[in-house]
Amino acid sequence: MAHEPIKVQERVSDPASMEALLKAENECIETCFTRAELQKISCKFGTGGVCCRICHMGPCRITAKAPYGVCGADADTIVARNFLREVVGGAAAHSDHGRHLVLRLKKVAEGNGNGYTLKDTKALHRAARDWGVETEGRSDREIALQLADLFFAEFTSQEKVLATLALAPKKQQTLWNTHHVAPLGIDRMIVESMHRTHMGVDHDYRHLLLQAFRTALADGWGGSRIATVVSDILFGTPSPVRSQSNLGVLGEKTVNILVHGHEPELSEMLAVAVQDPEIVRAAQAVGAEGITLAGICCTANEILMRHGIPVAGNFLQQELAVITGAVEVMIIDVQCCMPSLPQVASAYHTRIVSTSELAMTAGADHHPFDENDALESAKSIIRLAIENYANRDAKKVAIPTATQPLVAGFSVDAIKYMLGGRFRASFRPLNDAIIQGRIKGVVGIVGCNNAREKLDDYINTLTESLIRENVLVLKTGCAAIASAKQGRLTPETALQQAGAGLREVCEAVGIPPILHMGSCVDNSRILEAATEIVLEGGLGDDLSQIPAVGVAPEWMSEKAVSIGCYFVASGVDVILGHPFHISGSENVTQFLNDQAREFFGASFHVCPDAHQATKKILQILDDARAKLGINKKAERKLYDMKDRRALDV
Ligand code: SF4
Ligand code: MSK
C-alpha cells in the first residue's frame, strides 16, 4: 500500500536499519514507522489516561466541563484504575512466562523431560539454598520437584506473602510490610487488581496506586525472578559469550531462521536441532551452505546469553528483518510480536510461524509447539524453512552488511566470579570502587524501542554519556541490543569511551563497562545485583540507599510499566523517556513522581531527552553518595570490616 514517504534518518540510527527501511520505502511496504506517522496525533483522553471504558454506561471521558463519569468517578480514580490495569498486564505477561517454565521444571523433575534436563545443577542447588529446600541426601530431581511445588505456591498463595521476598534486603521487607504492599500469590494479586478496578469497587487513587506497586512487586520479586531462576536451572546460567549483532548476521547463502518473542523453551531446542547433521545435510541438499539461526527481541537475548547465537535485531527491527527478503521462517511466540508480520511477509517468501498455544496471528502458519516431542517440533519447523529456501527471490534480497561484535551473558553469578574469582566470588571489588568514587554508581538501562521515537537514539546517547561519567551500566532487553548494534558491548570499544575511574576498575577485574544481563524478565537479575551490593556492605542497608538508578528510555509495553513500578517499590529511582498516560490527574502524577518517595525512598522522573536524563541521574547518584558520606574523592584504600561498618548508615 502506498504511503507518505518518511525521513529514514530521523526514524532509525544504525546503518543496517537505515538500509532496510529505505528498501521498505522503495518497495512501498508499510512498517511500524509509517504507521506511527499515521498515528501521529494522539488522542488526548488516551494520553491523559482519562478515558474510562470499564463499564457500559461509558465510555466516559473527563473534561473541564464534564469532570465526572456517569457513575461519578473523577479523573484521579479513572487514571489510577487505568494505570493499575497496565501494571496487571505487564505482571501477568512476565509471570505467565515464569509459570510455563515451572511447569516444564516439574515435568523434568518427574522424569518426563522429553529432551529437557536439569542442565545447571549448580543453579538448582543455589535456588534450593535461597528458598530453603533441603538438599542433603536428596537427588537433584527430588530437589527440583520440591522447588517446582514451592514456585507453584508462589502463584497461588492466598494468605502468605511471597516466599521470594525473603531474598530482598531485610529493611526492604520491613518497608513493604509496613505499607501493606508485600504481595500474596501472583495469581491472587492479578485477580484482585482486576476486581478492584471493576466498576464501583476501589475508588481512592492512593489505594489503587499502592496496589499497582504491590502487583508489580509480585512480578519483579515473584514471576520474573522465578522465570530467570528456572531458565538458569533448565538451560544454564549465562556466562560471558561472544557473538554478533544486527541484520547483517543473516546469511546470503544459508537458510535463515529467526526466533522472535520471549519464551526460551522452543528456541533452546532449535539451537540443538540446527546442529543435527541430518538437518544440515537437508539444507545443503536444497543448495544452501547451511542454516543461520538468529534472534529478535528477548528470545534473541535468551539464546545469545546461553549459546552465543547472533542477534538480528531489537523490537523495531522485526519487520525490517523480513524486508531483507532473506528470511525463510520467522518463528513467533508471545509478547512483542507485531500482528503486521504476516502482511509484511506477504511481499516476500517469508513464512511467519506461530508456535504458542496462547498466541495466534491472522495470516501466520500455526505450528503448535509439541512439548512432548520438543526436538522433533523444532526440526519440523526447520524443515519448513529449508523447503522455503527455494522460494527466495534473489531480486528481492538485500541483506545489510552491518554487523557488530558483542559480549553478553553477565548473570549475577558471572559478575561475582569475574569480580572475585572462583574462590572469592563476591561484589566486594565493585562496592569498594563505588565507595572510593572510581565508579560513581550503577544504572540499569532497560526496556523497549518505541516507533514514536528514533530507534536506539536515546538509549545509546545516554549509555555513552553515563560510562563517560564513570557509571557502570547494566542492560537488559531491547536496550541491551541497542548497545550491541552500536558496537558498545565489547570491552575493547566500550573501554575507550569510559571515564578513567570506570576504565581502571573494568580493566583490573576484566569486565566491560556495559554489562548485558539478559531479556526483560531478567530485570530481576538487576534487582539481584543491587541486593548483592547491599549485602556486601558499606553502601547502606536497603536498595534506596545505594547509588543506583533504573532507566527506561524508549519503553512501550505494559511490562515496562510493571518493571518501573517494581524498581521504584524496591527503592530504585526510575527515569522514563516519556511519561505514563497519567497527565489527566495531577494527584496521580504527583503520587508517582513524588509521594512514592515517602513510601519507598524512590520515585519516577520523566526526562524527555538523554542529556536531561544524564543530569538527573548524576544528581540522584551524587545525592545518594552524599547521604552515604562517600561523596568526597577518596584515596585508594582497601576497606576492612571496621571501615565498612563505619560507612553503614
Ligand atoms: Fe463511565 Fe464510571 Fe462506567 Fe467508567 S465506570 S465507563 S467512568 S460510568
Ligand atoms: S522484547 S518488552 S520490546 S524490551 Fe522483551 Fe524488547 Fe520491550 Fe519487548
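It should be emphasised that the depicted structure is a prediction, and the values quoted were computed from it without experimental measurement. Whatever order the structure lists them in is the order used to number ligands and atoms, beginning at 1.
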Within the 4.0 Å heavy-atom shell around [X], which atoms of ligand 2 are there?
{"X": "C520", "value": "2 (S), 5 (Fe)"}
{"X": "C297", "value": "1 (S)"}
{"X": "G447", "value": "4 (S)"}
{"X": "S557", "value": "2 (S)"}
{"X": "F315", "value": "3 (S)"}
{"X": "M556", "value": "3 (S)"}
{"X": "K559", "value": "2 (S), 5 (Fe)"}
{"X": "H262", "value": "1 (S), 5 (Fe), 8 (Fe)"}

Contact flag C298/atom 6 (Fe) of ligand 2, N/O/S atoms, threshold under 2.8 Å: no
Heavy-atom gap S519 to ligand 2 smaller than 4.0 Å: no
For the side chain of [X] and the backbone of [Y], is there at least one donor-acceptor N/O pair under 3.5 Å apart?
{"X": "S356", "Y": "D333", "value": "no"}
{"X": "E302", "Y": "S519", "value": "no"}
{"X": "N450", "Y": "W555", "value": "yes"}
{"X": "H203", "Y": "T77", "value": "no"}

Proximal candidate to atom 4 (S) of ligand 2 [heavy atom criterion; set C478, A482, A552]: C478
Between the side chains of [Y] and [X], is the shortest nitrogen-to-carboxylate-oxygen separation below 4.0 Å, so that they form an ion pair?
{"X": "D187", "Y": "R99", "result": "yes"}
{"X": "R104", "Y": "E268", "result": "no"}
{"X": "R525", "Y": "E528", "result": "no"}
{"X": "K475", "Y": "D522", "result": "no"}

So which bit of [X] gets within less than 4.0 Å of ligand 2, heavy atoms only: side chain, backbone, both or neither?
{"X": "C336", "answer": "side chain"}
{"X": "Q335", "answer": "neither"}
{"X": "C448", "answer": "both"}

Stepwise side chain to side chain donor-acceptor pair (under 3.5 Å) check, D120 with T237: CA-CA 7 Å; D120 190 340; T237 304; 2.6 Å; yes
Reported CG-to-CG distance for the pair N593 and D573, which is rounded to 0.5 angstrom: 10.5 Å
Side-chain heavy-atom pair V344, I352 within 4.5 angstrom cut-off: no
Within reach of ligand 1, part of R81 (heavy-atom separation under 4.0 Å): side chain
Polar protein atoms near atom 1 (Fe) of ligand 1 [N, O or S; cut-off under 2.8 Å]: C60 SG
Shortest non-hydrogen contact between C520 and K559, atoms and distance: SG-NZ, 3.4 Å
NZ or CZ of R61 within 45° of F45 ring axis and under 6.0 Å: yes
